[in-house]
Amino acid sequence: MKSPLLTLPGAVPAEGVDEGVAAHYGDLFREQRALADGTGFVDLSHRGVVTVTGEDRLAWLHLLLTQHVSDLPAGRATEALILSANGHIEHALYLVDDGETVWAHVEPGTQDALIAYLESMKFFYKVEVADRTADIAVVHLPAGSIAEVPESVVVRETPYGRDLFLPRADLEAYAAQAGPPAGILAYEALRVEQHRPRLGFETDHRTIPHELGWIGSAVHLQKGCYRGQETVARVQNLGKPPRRLVFLHLDGSEVHLPVAGTEVRLADDGPDGRKIGFITTSVRHHELGPVALALVKRNVAVDAPLVAGDTAAAQEVVVEP
């Protein structure tokens, strides 16, 4: 979905998976500072929107998701995963129930595969699954924002801000009164600072929830009966994940950021040292400078100096080894 807000002054289109919205509006650090101060908004209208209605919606989703949602109160935000039979992460859903409908936003372009899976699991349950991406746009208001929200709009409120499920036809009018726009790069910089993983960025085909710190926030350990639950329980009770998410402070003297996929090595091993991980997301933060998230082998010492490509990096623990 190409956002109409790309016509705003200074808008520079994002690329890759975030294509369709603005990367920035001319001043990346100003946009970051605005979000950190609780002002402005982020256009996330490229994200997929899926709804589930019907009297069995919560009980049914409870059987499929990693999160405990059978008794989810109306208005309470949560997040959940769908795993493969081997416990690998396939989908990440950001949910809220409004009392009649479960609303979820998901990574751009993943809604079709998600809906296909959900449809295959309906059986005799009284539920209806719908793709609302064409008529509903996600807008993010940062934590502390006092921007008004139209009364009829469903809101997903989290410690990081509010996600609005806004009628797409109202997007331009709402943007005109919601404060200065911030691009997806500013949003991503704060996400990295907050150590929050993102599907397709911090995940690959073999990622399990323990590696990213999604236990608790997206995976409830006191429930079973979902695909991949055996792997979650086995790692939690009997072992450790093979990798762990780390936050990296990168050498600020380098002109270029190490891109996603850049190999991470132990600095003491030199340029020919073995690969012990890789960069997942790198950003320039308005206060911290160049920083990144990376996946490294679990047994890497937490105080070991690292190198990402040719860039020196100091790690900060996100997931305990």
Side-chain angles (χ1 to χ4, degrees), residues 1 3-5 8 14 18 20-22 24-25 30-52 58 61 65 67 69 72-81 92-108 111 132-133 135-199 214 216-218 286:
M1 303 295 294
S3 173
L5 303 190
L8 291 178
D18 288 322
V21 296
H24 60 83
Y25 294 89
R30 177 190 59 76
E31 294 165 31
Q32 285 185 37
R33 287 191 291 268
L35 293 180
D37 290 340
T39 60
F41 71 95
V42 183
D43 176 13
L44 299 179
S45 62
H46 62 317
R47 291 184 64 82
V49 177
V50 176
T51 59
V52 182
L58 291 177
L61 286 171
L65 304 180
Q67 187 59 272
V69 297
L72 184 67
R76 179 180 295 176
T78 191
E79 55 189 65
L81 308 175
L93 296 81
Y94 299 86
L95 307 163
V96 67
D97 184 81
D98 67 3
E100 297 181 350
T101 301
V102 173
W103 295 78
H105 65 80
V106 299
E107 286 298 323
Q111 64 269 21
R132 301 295 303 277
T133 309
D135 63 300
I136 298 294
V138 179
V139 172
H140 175 77
L141 300 178
S145 171
I146 59 172
E148 292 186 7
V149 177
E151 189 173 336
S152 60
V153 169
V154 176
V155 177
R156 181 179 176 274
E157 187 159 0
T158 77
Y160 309 106
R162 290 175 288 170
D163 297 334
L164 280 53
F165 292 89
L166 187 76
R168 192 171 289 274
D170 298 340
L171 180 57
E172 288 182 276
Y174 185 76
Q177 56 89 36
I184 192 71
L185 292 182
Y187 180 85
E188 283 288 282
L190 299 190
R191 177 183 73 81
V192 170
E193 177 195 12
Q194 295 154 355
H195 305 168
R196 292 189 290 135
R198 182 178 174 187
L199 182 76
W214 252 328
S217 63
H286 70 287

Mind listing the closest non-hydrogen atom pair of [X] and [Y] along with its distance?
| X | Y | value |
| --- | --- | --- |
| A178 | F41 | CB-CD2, 3.8 Å |
| D18 | P108 | OD1-CG, 4.4 Å |
| A137 | S45 | CB-CB, 3.6 Å |
| S145 | A147 | OG-N, 3.1 Å |
| P142 | G40 | CD-O, 3.2 Å |

State, with a plain yes or no, whether a side-chain heavy atom of [X] is found less than 4.5 Å away from one of [Y].
| X | Y | answer |
| --- | --- | --- |
| S217 | E79 | yes |
| T39 | I146 | no |
| Y174 | V153 | no |
| L166 | L171 | yes |
| V149 | L141 | yes |

Any residue meeting salt bridge (charged side-chain N to carboxylate O under 4.0 Å, His left out) with [X], in chain and number order, not counting sequence neighbours:
| X | value |
| --- | --- |
| D135 | R132 |
| E188 | R191, R198 |
| R196 | none |

[Y] backbone acceptor or donor facing [X] side chain under 3.5 Å:
| X | Y | value |
| --- | --- | --- |
| Q111 | V50 | no |
| T101 | W103 | no |
| T78 | L95 | no |

Task: Of H105, R76, R162, the residue whose pairing with R156 passes side-chain contact (heavy atoms from CB on, under 4.5 Å) - done: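 Passing option: H105.
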
Open item on the list: I need the single residue from V138, T133, V49, I136 that forms a side-chain contact (heavy atoms from CB on, under 4.5 Å) with R168. Which is it?
Closed with: T133

Between atom [atom1] of [X] and atom [atom2] of [Y], what is the distance when rounded to the nearest 0.5 Å?
| X | Y | atom1 | atom2 | value |
| --- | --- | --- | --- | --- |
| H24 | I184 | NE2 | CD1 | 12.5 Å |
| D43 | L5 | CG | CG | 4.5 Å |
| Q67 | L93 | CD | CG | 11.0 Å |
| D163 | R47 | CG | CZ | 8.0 Å |

- [ ] Taking side chain to side chain donor-acceptor pair (under 3.5 Å) as the test, write out the residues that go with H286, two or more places apart.
- [x] Q32

Task: Set of side chain to side chain donor-acceptor pair (under 3.5 Å) partners for D170, sequence neighbours left out - done: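 Per chain and number, D170 pairs via side chain to side chain donor-acceptor pair (under 3.5 Å) with no residue.
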
- [ ] For A92, check side-chain contact (heavy atoms from CB on, under 4.5 Å) against everything at least two apart and list the hits.
- [x] L81, Y94, L199, W214

Open item on the list: Run L58 and V102 through side-chain contact (heavy atoms from CB on, under 4.5 Å) and show every step you take.
Closed with: CA-CA 8 Å; L58 291 177; V102 173; 3.7 Å; yes

Task: Within 6.0 angstrom of Q194 CD, more than 12 heavy atoms from elsewhere - done: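 Atom CD in Q194 is packed in, count exceeds 12.
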
- [ ] Carefully, step by step, assess L44 and Y187 under the rule side-chain contact (heavy atoms from CB on, under 4.5 Å).
- [x] CA-CA 10 Å; L44 299 179; Y187 180 85; 4.1 Å; yes

